[in-house]
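Below is one structure, written out as structure tokens; the observations come after it.
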There are 2 protein chains.
Amino acid sequence: MIRIGEVAERTGLTPRTIRYYEEIGLLPGPPERRKGEHRAYDDDDVERLSELTRLRDLLNLSLEELKQLVEAEEARAAIRKQFRESDSDAERLQLLDLALPHVETQIGLVRRRMEELKRLEAELVEKRKSILARKRELAS
Amino acid sequence: MIRIGEVAERTGLTPRTIRYYEEIGLLPGPPERRKGEHRAYDDDDVERLSELTRLRDLLNLSLEELKQLVEAEEARAAIRKQFRESDSDAERLQLLDLALPHVETQIGLVRRRMEELKRLEAELVEKRKSILARKRELAS
DNA sequence: TGCTAAACTAACGTTGACGTAAGAATGAAG
DNA sequence: CTTCATTCTTACGTCAACGTTAGTTTAGCA
């Protein structure tokens, strides 16, 4: 178990930011904790925060939008827990079917973003080509 | 020549936003204009604004960072003007050499961003694969 | 058991990126 | 020349996403 200071160091965030994320419901938040006690985190929490900021930066999501994704993620976490405790295979299959669309959603977001970037890149490369062409023309 | 309202419609921005961009020095801004007179834009300005917002959204740049790129762009515009008025080929070659790095910079930014997205996509696809694998295992 | 770095809560402050309201001025059309 | 939609400037308002005190409290250690 580690404390908020170390989490901050390892994620590149500040303690304030981490508390703020918890405040707005972005983190599952250590619910087992009496007011005033120090928050306790583990490596998974660090991992989670890192992924959140990655999504935020790469997809340009607001914290509110991020929250939507997170709620889906939390549902998945709950599902995983149930999954491990589950006994019948039929039930397990059903849980996996629930987990899948969340991942698909994220993949879709990432791919759309990549498409836009590819278009932009193509246009820039075209621009460069035209400059280089004019250079060759002058050099001849 | 068109006015700010039409520019707003065609770019999807608001007049206020366009004025704001001028205010912080993001736009070359119609310098030829006495205080109180209506701003006059042309198709190039619309194009420019569209590209700016695209860069802002896709690369997640702050207006301040965007300004850096723009200043480079403005330098390029100045260069193009000089280019057309220039007479000696040697001088023209030199101007093209000045224009090139600006485009390269942008290409670099876009590509770095794409790399990060590709990594993220790969991880997500991996996640999905693992879910599907477990499904197949259960179904057997 | 006492010390101190680190964490806690509560509350106000800040910054970027605009929104909005008010009143005056512009400019294309009739 | 009048009309009137649009634009102008000025200035205060707002919202997200934290930053920054201030005054306590906790918890690892000598």
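Just so it is clear: chains get the letters A, B, ... in the order the sequence lines come, proteins before strands, and each one is counted from 1. Please read these numbers as outputs of a predicted model, since none were measured by experiment.
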Between [N] ([atom2]) and [X] ([atom1]): distance, integer Å:
{"X": "B:Glu6", "N": "C:dA28", "atom1": "CD", "atom2": "C1'", "answer": "14 Å"}
{"X": "A:Glu23", "N": "C:dA7", "atom1": "CD", "atom2": "P", "answer": "18 Å"}
{"X": "B:Lys67", "N": "C:dG16", "atom1": "NZ", "atom2": "P", "answer": "11 Å"}
{"X": "A:Glu22", "N": "C:dA7", "atom1": "CD", "atom2": "P", "answer": "14 Å"}
{"X": "B:Leu27", "N": "C:dC18", "atom1": "CG", "atom2": "P", "answer": "12 Å"}
{"X": "A:Leu26", "N": "D:dA16", "atom1": "CG", "atom2": "C1'", "answer": "13 Å"}
{"X": "A:Ile18", "N": "C:dA6", "atom1": "CD1", "atom2": "C1'", "answer": "14 Å"}
{"X": "B:Leu61", "N": "C:dA17", "atom1": "CG", "atom2": "P", "answer": "10 Å"}

Is A:Thr17 near enough to D:dA17 that one of its side-chain N or O atoms lies under 4.0 angstrom from OP1 or OP2? no

Between A:Arg56 and D:dC18, is there a contact of a side-chain N or O with OP1 or OP2 at under 4.0 Å? yes

Closest approach to the side chain of [X], judged atom by atom: which nucleotide of [options] is it?
{"X": "A:Arg33", "options": "C:dC8, D:dC18, C:dC18", "value": "C:dC8"}
{"X": "B:Ile4", "options": "D:dC18, D:dA27, D:dC8", "value": "D:dC8"}
{"X": "A:Leu63", "options": "D:dC18, C:dA7, C:dG19", "value": "D:dC18"}
{"X": "B:His38", "options": "D:dC18, C:dA7, D:dT7", "value": "D:dT7"}
{"X": "B:Lys35", "options": "C:dA7, C:dC18, D:dT9", "value": "D:dT9"}
{"X": "A:Arg39", "options": "C:dT9, D:dC8, D:dT10", "value": "C:dT9"}
{"X": "B:Tyr20", "options": "D:dC18, C:dT9, C:dC18", "value": "C:dC18"}

Do side-chain atoms of B:Asp45 reach the backbone of B:Asp42 as a donor and acceptor pair under 3.5 angstrom? yes

Side-chain donor/acceptor of B:Glu37 to backbone N/O of B:Arg34, under 3.5 Å: yes

First of A:Thr14 and A:Glu37 reached from the 5' end of DNA chain D, by closest nucleotide: A:Thr14

Heavy-atom nearest nucleotide on DNA chain D for B:Arg16 versus B:Gly5: which residue maps closer to 5'? B:Gly5

If you count every heavy atom of other residues, nucleotides or ligands that lies below 6.0 Å from A:Gln94 atom CD, does the total exceed 12? no

Below 4.0 angstrom, N of the basic side chain to O of the carboxylate: do A:Arg113 and B:Glu116 qualify? no

Quick test of your reading of the model: are B:Arg10 and B:Glu47 salt-bridged, counting only N-O distances below 4.0 Å? no

Which residue lies more 5' along DNA chain C, comparing B:Glu64 with B:Gly36 via nearest heavy atoms: B:Glu64

